[in-house]
Amino acid sequence: MNGWLSALRAIVGREALRFLHQRGRFLSALVRPLVWLVVFAAGFRAALGLSIIPPYQTYITYEVYIVPGLCGMIQLFNGMQSSLSLVYDREMGSMRLLMTSPLPRWWLLFCKLKAGVAVSILQVYAFLAIAAGFGIVLPPLGYLWAFPALILSGLMLGALGLFISSTVRQLENFAGVMNFVIFPMFFLSTALYPLWKMAESSRLLRDICALNPFTHAVELIRFALYQSLNGWALLWVASGFLVFFLLALWGYDPARSRPGRD
């Protein structure tokens, strides 16, 4: 057990040091959602009308609606960036040392996941604090309710990043793959528009959004911020985490090693 905890402390500590030395990563994680919140939301406010939908009890402004989606955006980008370090470590050779540890491979990857989730949650709460400064204040208890939802959504999105990183052989290829995943997941979700709004444009588009795991991560966060539990979203996110994590374990299986991979 001591060895397991030592591995956890070492991996989390390494990720924390990497995060502290990359202040631009923290700032960029806040700039993206703030641009949507301050710039795009102001332009879309007049063009988009929102009806009263759960978990909201009254009409809301567009800025209020997109806050949970922007929280999800932070976790989505962080999950991919955190996995980028694994591709780098594999090229530098340190990944080989990690995977030859006597500890189970699933525990080592899960420690990496937990470190990335901790960083993403810090970024989300920093964003929510800034959003409150712009007048978007959520129910006080909602900030506490959101914490477990952010843990689960962060684990799912981080596990997706782990799986993707296991399929990429070279560091320079990861950015293209990452963008190919991030932008469709973000735009084809309820982060920016509710499902009923999507249905007005295309039923097929609405169905794609409903099947998008990121949609359910956003809805889990949205309901939690208003002290409600979306059981369907919880089931989807928990299942998504399990599937992506199992795929990541398969992807990092040494028996599947290929030329150019550790």
Side-chain angles (χ1 to χ4, degrees), residues 32-80 120 124 127-128 131 134 136 138 142 145-146 149-150 152-161 164 177-241 243-244:
R32 280 186 296 263
L34 286 174
V35 167
W36 277 99
L37 184 66
V38 177
V39 180
F40 287 94
F44 290 157
R45 186 190 306 152
L48 294 173
L50 296 175
S51 63
I52 302 175
I53 55 175
Y56 308 108
Q57 302 298 321
T58 183
Y59 287 102
I60 56 170
T61 62
Y62 185 65
E63 292 95 324
V64 172
Y65 176 81
I66 65 172
V67 163
L70 298 180
C71 292
M73 172 201 275
I74 293 173
Q75 292 199 300
L76 179 60
F77 272 89
N78 184 78
M80 296 298 167
S120 73
V124 167
F127 165 71
L128 289 174
F134 283 99
I136 303 175
L138 304 171
W145 274 63
L150 291 170
L152 188 55
S153 61
L155 286 173
M156 185 193 75
L157 297 172
L160 173 61
I164 293 173
V177 175
M178 185 173 69
N179 289 330
F180 182 76
V181 173
I182 285 178
F183 290 108
M185 286 192 75
F186 178 68
F187 288 109
L188 293 175
S189 74
T190 57
L192 301 178
Y193 321 102
L195 284 179
W196 69 265
K197 199 73 177 177
M198 294 284 190
E200 288 184 351
S201 173
S202 167
R203 188 71 185 180
L204 176 61
L205 187 61
R206 184 264 179 206
D207 292 340
I208 293 174
C209 294
L211 293 174
N212 183 355
F214 184 67
T215 287
H216 300 283
V218 170
E219 293 308 304
L220 185 66
I221 298 170
R222 187 188 310 282
F223 276 72
L225 286 171
Y226 289 87
Q227 305 166 54
S228 299
L229 175 64
N230 187 323
W232 185 243
L234 176 63
L235 178 62
W236 264 83
V237 174
S239 300
F241 162 64
V243 170
F244 292 142

Closest approach of [X] to [Y] (non-hydrogen atoms, all atoms of both residues):
X    : Y    : value
G240 : M156 : C-CG, 3.7 Å
L128 : C71  : CD2-SG, 3.7 Å
S202 : L205 : OG-N, 3.1 Å
I66  : L37  : CD1-CA, 4.2 Å
F127 : I74  : CB-CD1, 3.5 Å

* Who passes side chain to side chain contact (heavy atoms under 4.5 Å, CB included) against I182, sequence neighbours left out? -> L76, F77, M80, M178
* Structure fact -> The side chain to side chain contact (heavy atoms under 4.5 Å, CB included) partners of E200 (sequence neighbours excluded) come to W196, K197
Donor-acceptor contact present, side-chain [X] to main-chain [Y], <3.5 Å:
X    : Y    : answer
S239 : W236 : no
S189 : F186 : yes
Y193 : F187 : no

* Asked: Out of curiosity, L138 CG to W145 CH2, how far, rounded to the nearest 0.5 Å?
  -> 14.5 Å
* Can you tell me how far the CG atom of L157 sits from the CG atom of L152, to the nearest 0.5 Å? -> 9.5 Å
Donor-acceptor contacts, no H, no angles, side chain residues 208-223, under 3.5 Å, sequence neighbours left out:
from : atom 1 : to   : atom 2 : distance (Å)
N212 : OD1    : F214 : N      : 2.9
N212 : ND2    : M185 : O      : 2.8
N212 : ND2    : L188 : O      : 2.7
T215 : OG1    : T190 : N      : 3.4
T215 : OG1    : C209 : O      : 2.7
H216 : NE2    : A210 : O      : 2.7
E219 : OE1    : R222 : NE     : 3.4
E219 : OE2    : T190 : OG1    : 2.6
E219 : OE2    : R222 : NE     : 3.1
E219 : OE2    : R222 : NH2    : 3.4
R222 : NH1    : Y56  : OH     : 3.0
R222 : NH1    : Y65  : O      : 2.6
R222 : NH2    : T190 : O      : 3.0

* Indicate yes or no: at least one non-hydrogen side-chain atom of M73 is less than 4.5 angstrom from one of W36. => yes
